[in-house]
Amino acid sequence: MGAAEAATGWRNPLRDKRDKRMPRIAGPCSVVIFGVTGDLARKKLMPAIYDLANRGLLPPTFALVGFARRDWADEDFSQVVRDAVKQHARTPFRQEVWDRLSEGIRFVQGTFDDEKAFEQLAETLNKLDAERGTGGNHAFYLSIPPKAFPQVLEQLSSTGLAKKAEGYWSRVVIEKPFGQDLKSAEELNAIVNNVFPESSVFRIDHYLGKETVQNILALRFANELFEPVWNSHYVDSVQITMAEDIGLGGRGGYYDGVGAARDVIQNHLLQLLALTAMEEPVSFSPDELQAEKIKVLSASTLAEPLDQTTSRGQYTAGWQGGERVVGLLEEEGFSQTSTTETFAAITVDVDTRRWAGVPFYLRTGKRLGRRVTEIALIFKRAPHLPFDATMTEELGQNALVIRVQPDEGITLRFGSKVPGNQMEVRDVSMDFSYGSAFAEESPEAYERLILDVLLGEPSLFPVNEEVELSWKILDPALDYWGSHGKPDPYESGGWGPDSAFEMLRRTGREWRRP
Ligand code: BG6
């Protein structure tokens with residue numbers, strides 16, 4: 001029995017040989033959020049913590065500590081959390097759950113350079129440990145701009161908070177962007193690992209917490225049907241699309257100078273590529289899973305020449321959902337000469353026996369036609385069609401589409417005979433939809449990931465090697481764009497700049513129209 005168990009009577013579920021379908025409940029602990037006044041904390045983190053409490057997955061003695069500059073008392077912060085929960089939580093508001101949660105809410109006022117504030121934080125945590133039996137287990141959630149990481153880490157180190165007490169744990173949770181190129185990511189990793197050992201670092205890529213993303217592993221490795229065709233013998237190309245209809249008004253502070261490739265391709269889309277292209281892991285233990293992702297990312301490079309295999313764009317004014325919307329340069333918070341891309345597309349070659357010769361096309365953009373994320377495996381055409389050519393004019397390539405969101409599910413597209421006397425063949429779809437196949441609603445990605453941090457379950461968090469490899473893949477495109485003019489304009493509500501269409505057309509392919 002560990003010290004936390006001895007001190008609190010809590011039983012570590014990891015020790016039990018148990019039915020894996022039973023939910024695992026976090027042990028006594030405190031979560032400290034830096035950046036509680038930010039959007040992410042309000043819209044995702046606080047609501048997710050409440051949802052976990054509501055689902056009975058947090059211990060009754062759980063504590064939440066906010067750290068920020070505002071002149072708030074515990075009650076003020078508690079009110080902020082309550083408002084965020086009421087507005088954004090997934091599960092219904094229940095007074096008794098809130099009452100229990102709010103008993104453990106504390107606030108520490110301070111700036112990141114204020115040593116006294118960090119001493120105050122240490123005192124608050126010690127008090128909570130004693131009063132609420134949170135057991136010396138602390139998670140520090142850095143929902144702050146990356147430039148503030150080194151300072152906060154330094155403070156956590158000098159107050160001794162980063163050091164775990166015997167039998168307890170101290171973990172750090174880091175939000176992206178994790179660096180802005182390979183060099184800065186390496187520097188940041190060195191700073192983080194100087195304070196926290198890699199096993200205590202949880203880097204958030206919230207796409208890995210999505211149900212549909214985890215289902216890629218189930219689809220590939222729990223079935224016999226797909227594996228035989230999941231390779232270059234049958235697959236012509238893979239398209240990974242993350243399209244958003246929203247614009248960037250108000251997000252200039254974060255997004256200007258960052259752009260679509262750093263914001264989304266470096267992390268979410270390359271992780272989707274890794275899960276789609278990797279080999280079967282020996283087991284789903286975190287080490288084995290990461291080893292396969294690392295292998296496939298090491299084998300991936302940008303296809304060249306970059307002027308033909310990549311595209312970037314910036315949205316201009318247009319119509320979206322029946323509304324007139326402005327272009328990026330008129331958005332609040334952006335410089336009028338900004339060259340930040342809001343659309344990016346790249347071609348990745350995965351040089352393994354399974355994938356050699358199969359291009360992986362990755363694209364993402366804001367203010368596109370609609371919000372959709374999907375992974376589409378486009379299959380080769382049948383080598384021979386014993387039909388009259390006019391009968392197969394409407395037959396496309398077979399496709400397996402993993403619909404990550406919205407309308408989560410899987411679509412299989414194949415040719416079918418059109419009813420009638422002729423042998424005409426046309427594309428049809430076979431659909432699996434989460435909504436109709438399962439009664440329960442999927443938890444939010446942040447619920448799953450925060451719980452995993454508290455349980456010390458690292459599978460869904462990219463390790464530093466994955467982060468660095470992803471930058472290594474992307475860096476040549478960033479360098480190339482940096483020295484080659486401006487992004488191509490595209491109209492809001494469309495599907496990106498002409499250069500993106502041209503990028504596929506010149507290989508004889510087309511983007512799917514989701
Ligand atoms: C974030 C990006 O990581 O993902 C945002 O920084 C983007 O720019 C968001 O809007 C999209 O997340 P989701 O879960 O809505 O697809």
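None of the values given here were measured: they were computed from a predicted structure. Whatever order the structure lists ligands and atoms in, that order sets their numbers, starting from 1. All residue numbers in this chain count up from 1 along the given sequence.
Side chain of T340 to backbone of G257: a donor-acceptor contact under 3.5 angstrom is found. Counting only distance, with no hydrogens or angles, the side chain of T507 and the backbone of M503 share no donor-acceptor pair below 3.5 Å.
Between R448 and Q214, the side chains place a donor N or O and an acceptor N or O closer than 3.5 Å (distance only, hydrogens not considered).
Looking at E466 and R203, no side-chain N of the basic residue comes within less than 4.0 Å of a carboxylate O on the acidic one, giving no salt bridge.
Contact shell of ligand 1 (protein heavy atoms, cutoff 4.0 Å): K176, H206, Y207, K210, M242, E244, R251, D263, H268, K366, R371, Q405.
For D83, the CG atom is densely surrounded, since the number of other residues' heavy atoms within 6.0 Å is greater than 12.
With sequence neighbours left out, D349 forms a side chain to side chain contact (heavy atoms under 4.5 Å, CB included) with T301, A303, D351.
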